Colleague: 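Have a look at the structure that comes next, please.
No hydrogens, no waters, no symmetry mates; every other heavy atom, side chains included, goes into these values. Positions are given from 1, in the same order as the sequence printed here. Everything quoted here is computed from the prediction, not taken from an experiment.
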Amino acid sequence: DTNRNRPRDVVVRVAAELGLYGRCVERLVDVVVGGQFGSEGKGHIVSHIAPGYDVLVRVGGPNAGHKVYLEPEPFTFHHLPSGTLHNDHAKLILGPGAVLGLSKLYEEIAKCEIPADRLSIDPQAMIIEPHDAAFEAGTLVKSIGSTGQGVGSATARKVLRTAASPNVRLARDIAELRHYVRPTHRLLEDAFAGGSRVLLEGTQGTGLSLHHGFYPHVTSRDTTVSGCLAEAGIAALRVRRVLMVCRTYPIRVQSPKGATSGPMSKDLPWAEIARRSRLPLEKLRSSERTSTTNRPRRVGEFDWDLLRKAASLNAPTDIALTFTDYISSANRNAR
């Protein structure tokens, strides 16, 4: 009885009966996640494989920087997918779970010359306010080595909803974003209906997961495949492959004075990495700095127990091993 339904409900019922939504779920999504504590080189991997996809999706916020190789110098993405400049025909999506720092987002859009019809930002993506960064600048930065970008504070305010102070602003509330804001779930449905291949890029690493990492030395989101899918609004049955990126020697940000950035299997001095690999020590020290805050990094022995847990949580079909030149400088130019 269509009298019991709104017009849009009738459309859904008829379209479903006619099979217009598709009668099977095709696995069109590949997911890239980090298997350690972030900085595994996910940006390089994503940019390398991005040309094989029609849609690039990124989750997370500006507390994660993904550096990719470009001429004449590398480029660091904080919001846009890392394959943006390596695949200029792919559509770009920032889903409802994204947390946006407006100044960095505007800067990336301008530098990458992204037209409004290429980038889609979900109306419910969260906006970081100046208050959020100021709130994190004290305790979080000093106690666990947080990047202090305001992502955690903004996420907490989104959870608080109408009780949040200052009031929550979403992407749909920002006039400057109006040309980019559109419901990304519908765009993904259209992509799946058309057989488009989708690459979902996670940020940070499994060991930093809010729920599965070494709490409280974690980030403000779930960094596993499941968490990334939820933030993007993609069903698990859409996933074809899971690519987990690991580096030969995991890193964490340098510990704050009088505190720690979190546990590692076995800390090593960079001089030991230089001795083993025969790479110049100063080159290691200058390059091993965080992409977002330019802080020095700690380094440790490969953690097999962490790998086992990350594999259990993410069920990867593939593993990308990065920083093989840290095993031997002979691998410096290997691809």
Side-chain angles (χ1 to χ4, degrees), residues 34-48 60-80 82-86 101 104 107-108 111-112 137 141-142 144-149 201 203-205 207-208 217 219 245-303 306 320-335:
Q36 294 155 323
F37 303 111
S39 301
E40 299 99 346
K42 294 182 292 298
H44 290 300
I45 299 299
V46 168
S47 65
H48 179 65
N63 53 341
H66 289 182
K67 185 179 291 185
V68 303
Y69 180 81
L70 288 169
E71 292 288 356
E73 59 184 21
F75 187 87
T76 300
F77 290 97
H78 291 94
H79 287 97
L80 301 179
S82 298
T84 295
L85 297 175
H86 287 78
K104 283 188 176 180
E107 182 181 353
E108 279 184 48
K111 285 185 175 179
C112 297
V141 173
K142 294 177 181 177
I144 62 172
S146 166
T147 61
Q149 301 300 299
E201 175 184 359
T203 63
Q204 299 149 310
L208 293 177
H217 303 95
T219 191
V245 187
C246 298
R247 51 185 293 162
T248 51
Y249 292 94
I251 62 91
R252 274 187 177 273
V253 67
Q254 187 179 66
S255 295
K257 187 176 181 179
T260 178
S261 59
M264 292 186 74
S265 173
K266 190 174 182 181
D267 279 82
L268 291 172
W270 284 109
E272 177 60 15
I273 306 297
R275 187 192 68 79
R276 296 180 186 184
S277 64
R278 298 192 177 183
L279 292 172
L281 176 58
E282 289 309 311
K283 175 68 174 176
L284 289 172
R285 285 177 171 163
S286 64
S287 62
E288 286 291 357
R289 303 183 72 87
T290 57
S291 299
T292 299
T293 56
N294 195 34
R295 297 180 197 158
R297 291 168 172 159
R298 296 163 56 196
V299 66
E301 294 281 15
F302 192 87
D303 189 334
L306 176 61
L321 182 65
T322 57
F323 293 86
T324 56
D325 53 336
Y326 284 17
I327 297 176
S328 170
S329 58
N331 296 327
R332 191 69 174 166
N333 296 317
R335 294 291 182 267

Colleague: Is there a side-chain contact between Met264 and Val299, using heavy atoms and a 4.5 Å cut-off?
Modeller: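 No. Closest side-chain heavy atoms not under 4.5 Å.
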
Colleague: Taking all non-hydrogen atoms of both residues into account, name the closest pair between Asp325 and Ser277 and its distance.
Modeller: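 Residues Asp325 and Ser277, closest heavy atoms: O-CB, 3.4 Å.
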
Colleague: Going by side chain to side chain contact (heavy atoms under 4.5 Å, CB included), name the residues that satisfy it together with Leu208, two or more places apart in sequence or in a different chain.
Modeller: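 For Leu208 the side chain to side chain contact (heavy atoms under 4.5 Å, CB included) partners, ignoring immediate neighbours, are Phe37, Gln204, Thr219, Arg252.
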
Colleague: Rounded to the nearest 0.5 Å, how far apart are NZ of Lys67 and NZ of Lys42?
Modeller: 13.5 Å

Colleague: Tell me the closest heavy-atom pair linking Trp270 and Leu284, and the distance in Å.
Modeller: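 Smallest interatomic distance, heavy atoms only, reads O-CD1, 3.9 Å.
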
Colleague: Counting only heavy atoms from other residues, nucleotides and ligands, does the tally under 6.0 Å from NE2 of His44 exceed 12?
Modeller: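 Yes, because the 6.0 Å sphere around NE2 of His44 holds more than 12 heavy atoms from other groups.
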
Colleague: Can you see which heavy atom on Ser255 is nearest to which on Ser261, and at what distance?
Modeller: OG-N, 3.2 Å

Colleague: Distance-only, no hydrogens or angles: does the Ser329 side chain make a donor-acceptor pair with backbone N or O of Leu279 under 3.5 Å?
Modeller: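 Not a single qualifying donor-acceptor pair exists.
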
Colleague: Out of curiosity, Lys266 NZ to Asp303 CG, how far, rounded to the nearest 0.5 Å?
Modeller: 12.0 Å

Colleague: Below 4.5 Å, heavy atoms only, C-beta onward: do Phe75 and Cys112 meet side chain to side chain?
Modeller: yes

Colleague: So how far is it from Gln254 CD to Thr260 OG1, rounded to the nearest 0.5 Å?
Modeller: 11.0 Å

Colleague: Going by atom types only, do Glu201 and His66 share a side-chain donor-acceptor pair under 3.5 Å?
Modeller: yes

Colleague: Between His86 (side chain only) and His48 (backbone N and O only), is there a donor and an acceptor less than 3.5 Å apart?
Modeller: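 Side chain of His86 to backbone of His48, a donor-acceptor pair under 3.5 Å: no, none is there.
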
Colleague: Testing the basics here: between Ser287 and Arg297, what is the closest heavy-atom pair and its distance to 0.1 Å?
Modeller: O-NH1, 4.1 Å

Colleague: Rounded to the nearest 0.5 Å, what's the gap from CG on Leu268 to CD1 on Ile251? Could you check?
Modeller: 13.0 Å

Colleague: Decide yes or no for Pro296 and Glu288: does some side-chain heavy atom of the first lie under 4.5 Å from some side-chain heavy atom of the second?
Modeller: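 A side-chain contact is absent here, since even the closest heavy-atom pair is not under 4.5 Å.
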
Colleague: Considering only heavy atoms from C-beta outward, does the side chain of Lys104 approach that of Gln149 to under 4.5 Å?
Modeller: yes

Colleague: Donor-acceptor pair, Gln36 side chain versus Arg247 backbone, under 3.5 Å?
Modeller: yes

Colleague: Can you tell whether the side chains of Glu272 and Arg276 come within less than 4.0 Å, N to carboxylate O?
Modeller: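 Yes, charged N to carboxylate O under 4.0 Å.
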
Colleague: Looking at Thr248 and Phe302, what are the two nearest heavy atoms and their distance?
Modeller: O-CD1, 3.4 Å

Colleague: Just how far is it from atom OG1 of Thr203 to atom CG of Asn63, taken to the nearest 0.5 Å?
Modeller: 6.5 Å

Colleague: Between CD1 of Ile273 and CZ of Phe323, what distance do you get to the nearest 0.5 Å?
Modeller: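 Atom-to-atom, Ile273:CD1 and Phe323:CZ are 11.5 Å apart.
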
Colleague: Any chance CZ of Arg278 has more than 12 other-residue heavy atoms, nucleotides or ligands included, within less than 6.0 Å?
Modeller: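 Result for CZ/Arg278: open.
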
Colleague: Regarding Arg285 and Glu282, does a basic nitrogen lie under 4.0 Å from an acidic carboxylate oxygen?
Modeller: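 Yes, Arg285 and Glu282 are salt-bridged.
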
Colleague: Tell me whether Asn294 at atom CG has more than 12 heavy atoms from other residues, nucleotides or ligands lying less than 6.0 Å away.
Modeller: yes

Colleague: Closest approach of Pro263 and His217, non-hydrogen atoms and distance?
Modeller: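 Taking Pro263 first and His217 second, the nearest heavy atoms are CD-ND1, 4.3 Å.
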
Colleague: Measure from the side-chain N and O atoms of Arg298 to the backbone N and O of Gly262, and report whether any donor-acceptor pair falls under 3.5 Å.
Modeller: yes

Colleague: With sequence neighbours left out, write down each residue that passes ring-ring contact (aromatic ring centres under 6.0 Å, His included) with Tyr249, or none if nothing qualifies.
Modeller: none

